[in-house]
Amino acid sequence: MKVTVTAFGIAKDILNKKQTEVEYSGTTVADLRQQLIQEFPEFAKLASLKFAVNTDYVNDDFVLNSNDEVVLIPPVSGG
Amino acid sequence: MKVTVTAFGIAKDILNKKQTEVEYSGTTVADLRQQLIQEFPEFAKLASLKFAVNTDYVNDDFVLNSNDEVVLIPPVSGG
Amino acid sequence: MTKEDQLRYSRQTIIPEFGEAGQEKLLASSVLVIGAGGLGAPILQYLTAAGIGRIGIVDFDEVSISNLQRQVLFNTHELGKSKAQTSKQKLSALNPATEFDVHELAINATNAMDLIEPYDLVVDGSDNLATRYLVNDACFLLNKPLIYGAIFRFEGQVSVFNALENGKRGPNYRDLFPTPPPPEMVPSCSEGGVIGVLPGIIGAMMASEAIKVLCQMGTTLSGKLFIFDALDFSTHTLNVPASADNPLSGKHPSITELIDYEAFCMGQVEDKAQAEVTVHQLQHMLEEGNVTLIDVREDYEYEIANLGGELIPLNKVLSRSEEIPTDGNVVVMCKMGGRSQKAIDLLKSKGYKNLKNLKGGIMAWRAEIDPELQSY
Amino acid sequence: MTKEDQLRYSRQTIIPEFGEAGQEKLLASSVLVIGAGGLGAPILQYLTAAGIGRIGIVDFDEVSISNLQRQVLFNTHELGKSKAQTSKQKLSALNPATEFDVHELAINATNAMDLIEPYDLVVDGSDNLATRYLVNDACFLLNKPLIYGAIFRFEGQVSVFNALENGKRGPNYRDLFPTPPPPEMVPSCSEGGVIGVLPGIIGAMMASEAIKVLCQMGTTLSGKLFIFDALDFSTHTLNVPASADNPLSGKHPSITELIDYEAFCMGQVEDKAQAEVTVHQLQHMLEEGNVTLIDVREDYEYEIANLGGELIPLNKVLSRSEEIPTDGNVVVMCKMGGRSQKAIDLLKSKGYKNLKNLKGGIMAWRAEIDPELQSY
């Protein structure tokens, strides 16, 4: 299954790009989070972040569908 | 067939709302334009306006599909 | 860059995509900003802060009290002062290294080419359709990228025209709006209103796009129209293809030099002329005593300045139409001619055929007949 | 409204959705703006122009040269002056009818409730995570609507918290970001950078949302997070539900009064403490001569002010790591402690175990030990 990951803020730095297609074998947001941490260990520090899927914030047990857009939004603090 | 019409600027004033569902029997943008003029005669003054469908500007011969979002964007001149 | 510049711009040079290279490009760039009004204020503030090397400011107007709900570059002590001069003074204090050219004039088909030619890029914050077509055509003819933005009530539009990508110039204003609708369908800020903070949002977006074009950084709105509605906080980003029928940049260009933009935007000019009177014609009619004058402005505007007409605000013309004669000479007036045209259109639906619009409204009377009238 | 007010606000009162009723509401409203910085400038300018009756300005800081690429309320002649005082002076000239309360202090858990309580609405333009959680919690406890916005490089976020709709308060910051990531994952403007015009866009959007909440007009971003990326001009609007686990507003609230937000945002506080030295500890080590000090800032920053450390800019620490001892006391420093932490994390991947971070960087040294050092 393929999803598109769109990353903002420091998450974009970790991925080293804003958008990337991720081929993955799990079913839930929690699985995807685990896979991202394995590929990009710095994501471990963002372990508490919520994910949005398409236009909605979701919980870790949310089941992903093929071609979903998963959005990673770390807090930014600048003013 | 039903399309959603989203109107900006003076077109919103003519429709008297920003969004409305239009049930219509034609096929092209030109047909929809004609129908809008019949229902809201003031649209005759905006006869030269291009329409956008979903995310693209289109020509008058563009064939609409059910549930398309048709966007009406008159020029605005304020600065 | 000097040591002071390194400090001044450090918050943006630290960004990998911008860097010192981006800053060097801005310092070497020149931008012409048309209009130091609602859009002009944030455009000028943020381009100056960003370190553009040279900025031209085009505005013939003076600061008035009704500007201050959105034109945050000016203040209450500056009423009546030149907008272009006052802007330069404020902006020079913000960034003394930026050079400013003050163009205290109205841009028109005679001066536009010479005005625009020396600059790398143009940002259009003007307030009328004729100027928008003029600036568009001149920028196309001169091959200059143009940042477009316009506002109405809660809505704003942003785009980028003539931007060079892969050796090709992007679409322009005539791809978006091939021909102008009649003037009463395009209300200005004074006729249609604008929420004060809207030009802050749209003007800053325009400055941001200007910086991206100058630094060749990121993806601009070239070939796209961005629409923002502050009332429901919605956005639309629409793809706008270059049209083969574009009279400027299409397959068979019919416009190869600047034209008469006032006439072009007035549409059916002859129709209009018959339905309009000038302030001099009205003066003559008033002297003859053979005219009924209807003023469709609001009470408080009437208090400020009036020509002795009968006051029926625009939103009352239908309910109070029995006060308006259906024959004889009737002239309808407002501040600048927009609302009175709207009143006439409304009354036409009730069968009125004898109504004429005062061209330019009371402001034209002030400009041509009685300078003692208070401006507002 | 006075006759002057009718003129001043005529461009917005003419809008049907706003009208004179909207203006009356703004004139009777009070707003507390936290931070007179990059976001604060447009927030303050446009709220003042719009005619808010009373505006509180919270800022303890002074104008510095690196502010001027985005903080357009200030200029080069005002370096070193109080931001809050200078803002009041400028804004009073823009709209003499608005009352301003200057709060020249840092908002903290001790003063926040008293500061916020007298105002109808809060706009948070602060620049650090601890203040964002503090302001969020205080606004929730006081039932005040809060306009949120934050910026980083080319990206901005906007939302509306605690807004009353159908008798229910909307989601808040802890629904968006339940717990803070470690500090090095949340770079400030000085550490991560920000394109100067971005706070212009985001701050103006925040002012617009504030006006809508105060006038109960249109549809706000309550329950939504808006994300803008200026680099590719893309927008995302995400739905954010109220979370049942929210420690403030969820089913089983665990936070019923303000907490220690610095500690909360430092995360694993004990870990940190072992890996950090304070400026006083460093002073002692330097006197003893038993420490190697590595400075990971840029050349030009080092020229402005330094503590005699060895200069290895952050982007060189890996390639020049043989210059850094793998045993003994090594302290890594930067301006404020963010980049040095990043350098330490990078070096840890090479096996370093002896590195300590200078807490607060050279700015903490200036604040606590040597005020003669130049600020930047």
Q | Nearest atoms (heavy-atom pairs only) where C:Pro96 meets D:Thr76 | A | CD-OG1, 3.3 Å
(Q) Could you report the tightest heavy-atom contact between C:Gly149 and C:Ile202, atom names first, then the distance? (A) CA-CG2, 4.4 Å
Q. Taking every heavy-atom pair that is under 4.5 Å apart, which of C:Ala93, C:Gly196, C:Ala207 has the most such pairs with chain D?
A. C:Ala93
Q) Top residue by heavy-atom pair count (under 4.5 Å) with chain D, among C:Gly218, C:Ser208, C:Ser66? A) C:Ser66
Q) Contact part of C:Leu198 toward chain D, heavy-atom cut-off under 4.5 Å: side chain, backbone, both or neither? A) neither
Q: Output the option from C:Thr48, C:Ile304, C:Leu231, C:Asp232 having the highest count of non-hydrogen pairs under 4.5 Å with chain D.
A: C:Leu231
Q) Out of curiosity, C:Asp5 CG to C:Glu20 CD, how far, rounded to the nearest 0.5 Å? A) 10.0 Å
Q) Just checking heavy atoms, which of residues 220-230 of chain C are less than 4.5 Å from chain D? A) C:Leu221, C:Phe226, C:Phe228, C:Ala230
Q | chain C interface, residue from D:Phe74, D:Tyr300, D:Tyr376, D:Tyr9 that has the most non-hydrogen pairs under 4.5 Å | A | D:Tyr300
(Q) Check this for me: does any side-chain nitrogen of one of C:Arg297 and C:Glu303 sit under 4.0 Å from a carboxylate oxygen of the other? (A) no
Q: Kindly compute the distance separating CZ (C:Arg8) from CG (C:Asn95), expressed to the nearest 0.5 Å.
A: 4.0 Å
Q.
Strictly below 4.0 Å, N to O, side chains only: are D:Lys316 and D:Glu298 in salt-bridge contact?
A. no
(Q) Is C:Phe154 in contact with chain D via its backbone, its side chain, both, or neither, using a 4.5 Å heavy-atom distance? (A) side chain
**Q.** Toward chain D, the part of C:Thr235 with a non-hydrogen atom under 4.5 Å
**A.** side chain
Q: First locate atom NZ of D:Lys90, then atom NZ of C:Lys90, and finally report the distance between them rounded to the nearest 0.5 Å.
A: 8.0 Å
Q | Results of ring-ring contact (aromatic ring centres under 6.0 Å, His included) for C:Tyr148 - residues two or more places apart only | A | C:Phe161, C:Tyr173
Q: Heavy-atom distances under 4.5 Å only: say whether C:Glu209 touches chain D with side chain, backbone, both or neither.
A: side chain
Q. Picking from C:Glu78, C:Gln69, C:Gln45, C:Glu4, which has the most non-hydrogen pairs under 4.5 angstrom with chain D?
A. C:Gln69
Q: Count the heavy-atom pairs under 4.5 Å between each of D:Leu47, D:Leu73, D:Ile201, D:Leu91 and chain C, then report the option with the highest count.
A: D:Ile201
Q) Between D:Lys88 and D:Glu99, is the closest basic N to carboxylate O distance under 4.0 Å? A) no
Q | chain D contacts, top residue of C:Met217, C:His77, C:Lys212 (heavy-atom pairs, under 4.5 Å) | A | C:Lys212
Q | C:Met363, CE: over 12 other non-hydrogen atoms inside 6.0 angstrom | A | yes
(Q) What's the separation between atom NZ in D:Lys83 and atom OG in D:Ser64, rounded to the nearest 0.5 Å? (A) 6.0 Å
**Q.** Inter-residue atom distance C:Glu155.CD - C:His236.NE2, 0.5 Å rounding
**A.** 10.5 Å
Q) Highest number of heavy-atom pairs under 4.5 Å with chain C: which of D:Val72, D:Ile211, D:Asn315? A) D:Val72
Q | Winner by heavy-atom pair count (cut-off under 4.5 Å) against chain C, out of D:Thr237, D:Thr219, D:Thr13, D:Val158 | A | D:Thr219
Q: Find the distance between OG1 (D:Thr2) and CG (D:Leu27) and round it off to the nearest 0.5 Å.
A: 8.5 Å
Q: Between chain D and each of C:Ala41, C:Gly51, C:Pro16, count heavy-atom pairs under 4.5 Å; write down the option with the most.
A: C:Pro16
